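Take a look at the structure set out below.
These numbers come from a predicted model, not from an experiment.
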Amino acid sequence: MKRNMVIKVLLVISSAFLVILFTALYAFRSQGLEEAKQRAYMISELVRDTLTSYMIMGVMDRRDEFLGRIKEIKGVEEIRVVRGRAVVEQFGAGSKFEMPRDEIEKAVLESGKPMEVLDESLRSVKYRIVIPYKAEPIKGINCLECHKAKPGETLGAISLTMDLSHIKEKSLHIFLLTTTVFLLAFLGIFFFFNSFITKVSNFIKEIELTMRSASEGNFKTEIKTDLGYETRSLKESIEQSFYNLQNTLTSIEEKVRTMIGYGVIKTGNVLSDTSKIVDELLNIYKFKRVIEKDKSKKEVYERLREVLEDYMSLENFSIYEVDQNKNKISPVYVKGAKYWCNEVIFENAEECRAERTGMDVDSREFPCVCPNFIDNDVCKQGKMHYYCIPVYVGGMVGNVVQIVYEPEMEPFINLIIPYIKGYLNEASPVLEARTYMDMLREQSLRDQLTGLYNRRFLDETIDKIAAQIKRRGTTLGILMVDIDYFKEVNDTYGHDMGDKVLKEIAKVLVKSVREADLVIRFGGEEFLVLLMDVQSGKSVEIAEKIRKAVESHTIESFGVVLRKTVSIGVSEFPEDSEKIWQCIKYADVALYKAKEMGRNRVVRFRPEFWTEESY
């Protein structure tokens, strides 16, 4: 850059000098020629007037002497007086020096117009001018009185040749002198300008490096070149601007850390780090706005999956949900493998180190720090790392997010973990709210005494269950269960004992059926058992199993030991009716038939049971 700038400036100066120099030489030459021309006219007038005076005075013999003196004038190389035709006819041809010598003189005599010729060579400059004398009064002297000629006719001409070589020599001298002065000045300017440009170039480079460093997040200035007050002022302005920018970005980073509760990994580029923080905060804010409008935890979990899989581009991770009441963990979403942890954690949440400690678990701190990672051999060999983040929901660990990655992914994982925590922090209160909503809904659908589903749950779900049974083409077994002589328990032992009996019978019912089956407290001492996808005709066998289990169960409370029995009415959907509520009514009718037959028995509904009294 410096070299190009110096060359350009020197070219401009040289071009300007040459233009000025040649303009001056041209002007000097033009002025010299003009002065020579004026002198030639003056000499011609002088010769004409003098010769006219000689003629009048009759001393024409002195003409040659006069012309000889004219030749002595500096610059006059040759002067001749040429006779025109009228003079030749009147006075004769005269000497051979008075006859036209060349075409120029003849042309002047013919046309009566002056002509000039410039003969210029390397060594000399000759200027020749031929000026006509015409037959016309001059200064009160009428030429026509002596010459027989027409008015205005050319009487003769003066041919004057002047040597202007001295002007050329003078111009050359001026050219050499000017060139010498210019070269000296040029060298002086060159060294001064080169020194100045060097400083300017260094100053520009330092600014360029400073700005480039600033673009990379480094706001330290390295401007050392001093060109005077202006550059010092610019340097101070840049340093102050960078100082303010550094403080502003640092303040933003500190406020962000305070706001989100954690720091982010710095790359050393403050601009990039700040931009990344702001972008991620905006994304986290948008994420929060979206999940706040989600209805269920399932939708919130799907948003987290999208963040981890689609946005963060993670290939191996798990999202777990913790049930603190049951001390169990269940996988919500697993990517990259069936499970990344041994299934033992699903039955005992305490087996999960992140859930048990409530702290991050990083396998880099200690290889295989958690013994329940699915493949500890791979972990020990350093082929895979994992990072588990507990998510607090309602003051307890409600979720665990597990990230599994290869060692070469470590820088990227370090970079994104703070932002993943940001998303999880925003998801935590939403998950807590949805958990409470689920708990409230669950409570509204369960009987508080027995913990079984209640009649409201049956009303909300029975149509969906019936539709699923029809779609699958299976059978739903319906058992209506009633505790025999339950009123006597309350009357004899009190309601506390009655509540104990209800809870114990409920436990027996739950243990006697599959986990997929539903046990519902239908009302009072009645229970409804729904056998999902049971084989047609098997409902009675299961009912008999339940009856025997209750009959053999001992209930102890307040020093009292009781054994109770139950009566069970059985129907099957859709064998008995295409209408689910009709089948439930059929089971109820069969129950009453069992009571009529002596209680402690199972009765399968038959069409003949359905009478007008059954409505």
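In this structure, Arg446 is not positioned above the aromatic face of Phe457 in the sense of NZ or CZ being under 6.0 Å from the six-membered ring centre and within 45° of the axis. A cation-pi arrangement is not found for Arg521 relative to Tyr453, the charged atom failing to lie both closer than 6.0 Å to the ring centre and inside a 45° cone about the ring normal.
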Report, one line per pair, each donor and acceptor closer than 3.5 Å where one atom sits in a side chain of residues 348-355; sequence neighbours left out.
unit_1: Asn348; atom_1: OD1; unit_2: Asn327; atom_2: ND2; d: 3.0
unit_1: Asn348; atom_1: OD1; unit_2: Glu350; atom_2: N; d: 3.1
unit_1: Glu351; atom_1: OE1; unit_2: Asn372; atom_2: ND2; d: 3.3
unit_1: Glu355; atom_1: OE2; unit_2: Gln324; atom_2: NE2; d: 3.1

Would you be so kind as to tabulate the donor-acceptor pairs closer than 3.5 Å made by side chains of residues 312-322, with sequence neighbours excluded?
unit_1: Ser318; atom_1: OG; unit_2: Tyr320; atom_2: OH; d: 3.4
unit_1: Ser318; atom_1: OG; unit_2: Gln402; atom_2: OE1; d: 3.4
unit_1: Tyr320; atom_1: OH; unit_2: Gln402; atom_2: OE1; d: 3.3
unit_1: Glu321; atom_1: OE2; unit_2: Lys297; atom_2: NZ; d: 2.7
unit_1: Glu321; atom_1: OE2; unit_2: Tyr301; atom_2: OH; d: 2.7

Scan the side chains in residues 524-535 for donor-acceptor partners under 3.5 Å anywhere in the protein, sequence neighbours excluded, and list what turns up.
unit_1: Asp533; atom_1: OD1; unit_2: Arg472; atom_2: NE; d: 3.2
unit_1: Asp533; atom_1: OD1; unit_2: Arg472; atom_2: NH2; d: 3.2
unit_1: Asp533; atom_1: OD1; unit_2: Thr474; atom_2: OG1; d: 2.5
unit_1: Asp533; atom_1: OD2; unit_2: Arg472; atom_2: NE; d: 3.4
unit_1: Asp533; atom_1: OD2; unit_2: Arg472; atom_2: NH2; d: 3.3

Between side-chain atoms of residues 491-500 and protein atoms elsewhere (two or more places apart, or another chain), which donor-acceptor pairs fall under 3.5 Å?
unit_1: Asp491; atom_1: OD2; unit_2: Lys487; atom_2: NZ; d: 2.8
unit_1: Thr492; atom_1: OG1; unit_2: Glu488; atom_2: O; d: 2.8
unit_1: Lys500; atom_1: NZ; unit_2: Glu504; atom_2: OE2; d: 3.3

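For Lys538, the salt bridge (charged side-chain N to carboxylate O under 4.0 Å, His left out) partners two or more places apart in sequence, or in a different chain, are Glu541. Listed by chain and residue number, nothing satisfies the ring pair (Phe, Tyr, Trp, His ring centres under 6.0 Å) test with Phe486 (two or more places apart in sequence, or in another chain). Checked against side chain to side chain donor-acceptor pair (under 3.5 Å), Tyr392 has no partners two or more places apart in sequence or in another chain. The salt bridge (charged side-chain N to carboxylate O under 4.0 Å, His left out) check on Glu596 picks up Lys593, with sequence neighbours excluded. Qualifying salt bridge (charged side-chain N to carboxylate O under 4.0 Å, His left out) partners for Arg601, counting only residues two or more places apart in sequence or in other chains: none. Applying the side chain to side chain donor-acceptor pair (under 3.5 Å) rule to Asn283 yields the partners Tyr311; only residues at least two apart in sequence or on another chain are considered. Legend: residues meeting ring pair (Phe, Tyr, Trp, His ring centres under 6.0 Å) with Phe605, ordered by chain and number and at least two apart, are Tyr586.
Pro418 and Asn414 make their closest contact through CD-O, 3.3 Å (heavy atoms, listed as atom of the first residue, atom of the second, distance). Across all non-hydrogen atoms, the minimal contact from Ser512 to Ala549 is OG-CB, 3.8 Å.
No side-chain heavy atom of His553 sits less than 4.5 Å from a side-chain heavy atom of Arg563. Taking the side chain as every heavy atom from C-beta outward, Leu424 and Ile420 approach each other to under 4.5 Å. With a 4.5 Å cut-off on side-chain heavy atoms, Leu562 and Val560 count as touching. Lys503 has its side chain out of reach of Asp447: every pair of non-hydrogen atoms, C-beta onward, lies at least 4.5 Å apart. Two residues are said to be in side-chain contact when any heavy atoms from C-beta on lie closer than 4.5 Å; Met597 and Val603 meet this criterion. Between Val361 and Val369, the closest side-chain pair of non-hydrogen atoms falls below 4.5 Å. Between Val397 and Val391 the shortest side-chain heavy-atom distance does not fall below 4.5 Å. Side-chain atoms of Phe573 and Thr475, non-hydrogen and from C-beta on, never get closer than 4.5 Å to each other.
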Open item on the list: Determine whether Ile580 and Leu476 satisfy the following criterion, side-chain contact (heavy atoms from CB on, under 4.5 Å), listing intermediate values before the conclusion.
Closed with: CA-CA 9 Å; Ile580 184 63; Leu476 177 68; 3.7 Å; yes
- [ ] Could you go through the salt bridge (charged side-chain N to carboxylate O under 4.0 Å, His left out) check for Arg514 and Asp517 one step at a time?
- [x] CA-CA 5 Å; Arg514 299 165 300 175; Asp517 299 329; 2.7 Å; yes
Open item on the list: Assess the residue pair Thr554 and Glu556 against the criterion (side-chain contact (heavy atoms from CB on, under 4.5 Å)); give the C-alpha distance rounded to whole Å, side-chain angles, the decisive distance to 0.1 Å, and a yes or no.
Closed with: CA-CA 7 Å; Thr554 301; Glu556 297 182 10; 4.1 Å; yes
Open item on the list: Would Ser539 and Glu572 count as a side chain to side chain donor-acceptor pair (under 3.5 Å) here? Give the steps.
Closed with: CA-CA 8 Å; Ser539 300; Glu572 290 183 343; 2.8 Å; yes
TODO: Might you work through the salt bridge (charged side-chain N to carboxylate O under 4.0 Å, His left out) test for Asp360 and Lys421, ending with a clear yes or no?
DONE: CA-CA 11 Å; Asp360 292 1; Lys421 289 184 177 181; 2.6 Å; yes
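A salt bridge links Arg604 to Asp576: at least one charged side-chain nitrogen sits closer than 4.0 Å to a carboxylate oxygen. Look at Glu299 and Arg303 and you find no salt bridge, because none of the NZ, NE, NH1 or NH2 atoms lies under 4.0 Å from a carboxylate O.
A ring pair (Phe, Tyr, Trp, His ring centres under 6.0 Å) check over residues 341-362, counting only residues at least two apart or in different chains, returns the pairs Tyr339-Phe346.
Dense packing is recorded around OH of Tyr333, with more than 12 heavy atoms of other residues, nucleotides or ligands lying under 6.0 Å away. Under a cut-off of 6.0 angstrom, the local environment of NZ in Lys595 is crowded, with over 12 non-hydrogen atoms contributed by other residues, nucleotides or ligands. Environment of CZ in Arg289: sparse, with no more than 12 heavy atoms of neighbouring residues, nucleotides or ligands closer than 6.0 Å.
Here the CG-CD distance, from Asn454 to Glu460, works out to 9.0 Å after rounding to the nearest 0.5 Å. From Ile374, atom CD1 reaches atom CG of Asn342 across 4.5 Å, with rounding to the nearest 0.5 Å. Going from atom CD1 of Ile465 over to atom CG of Leu458 covers 7.5 Å, rounded to the nearest 0.5 Å. Taking CD1 of Ile403 as the start and OG of Ser363 as the end, the distance is 11.0 Å to the nearest 0.5 Å. Here the CG atom belonging to Leu518 is positioned 11.5 Å from the CD1 atom belonging to Ile478, to the nearest 0.5 angstrom. Separating the CZ atom in Arg547 from the CG atom in Asp484 is a distance of 10.0 Å, to the nearest 0.5 Å.
Inspection of the Ser567 and Asp482 side chains reveals no N or O donor paired with an N or O acceptor under 3.5 Å. With hydrogens and angles left out, the side-chain atoms of Glu551 and Thr565 include no donor and acceptor closer than 3.5 Å. Side-chain contact check for Asn425 and Ser428: no donor-acceptor pair (N or O, by modelled atom type) lies under 3.5 Å.
Here the side chain of Trp610 pairs no donor or acceptor atom with the backbone of Val589 at under 3.5 angstrom. Remark: side-chain polar atoms of Lys470 are paired, donor with acceptor, to backbone N or O of Glu578 under 3.5 angstrom. Listed for the Glu426 side chain is no donor-acceptor partner under 3.5 Å among the backbone atoms of Ile284. Distance alone, capped at 3.5 Å, places no donor-acceptor pair between the Asp294 side chain and the Ser296 backbone.
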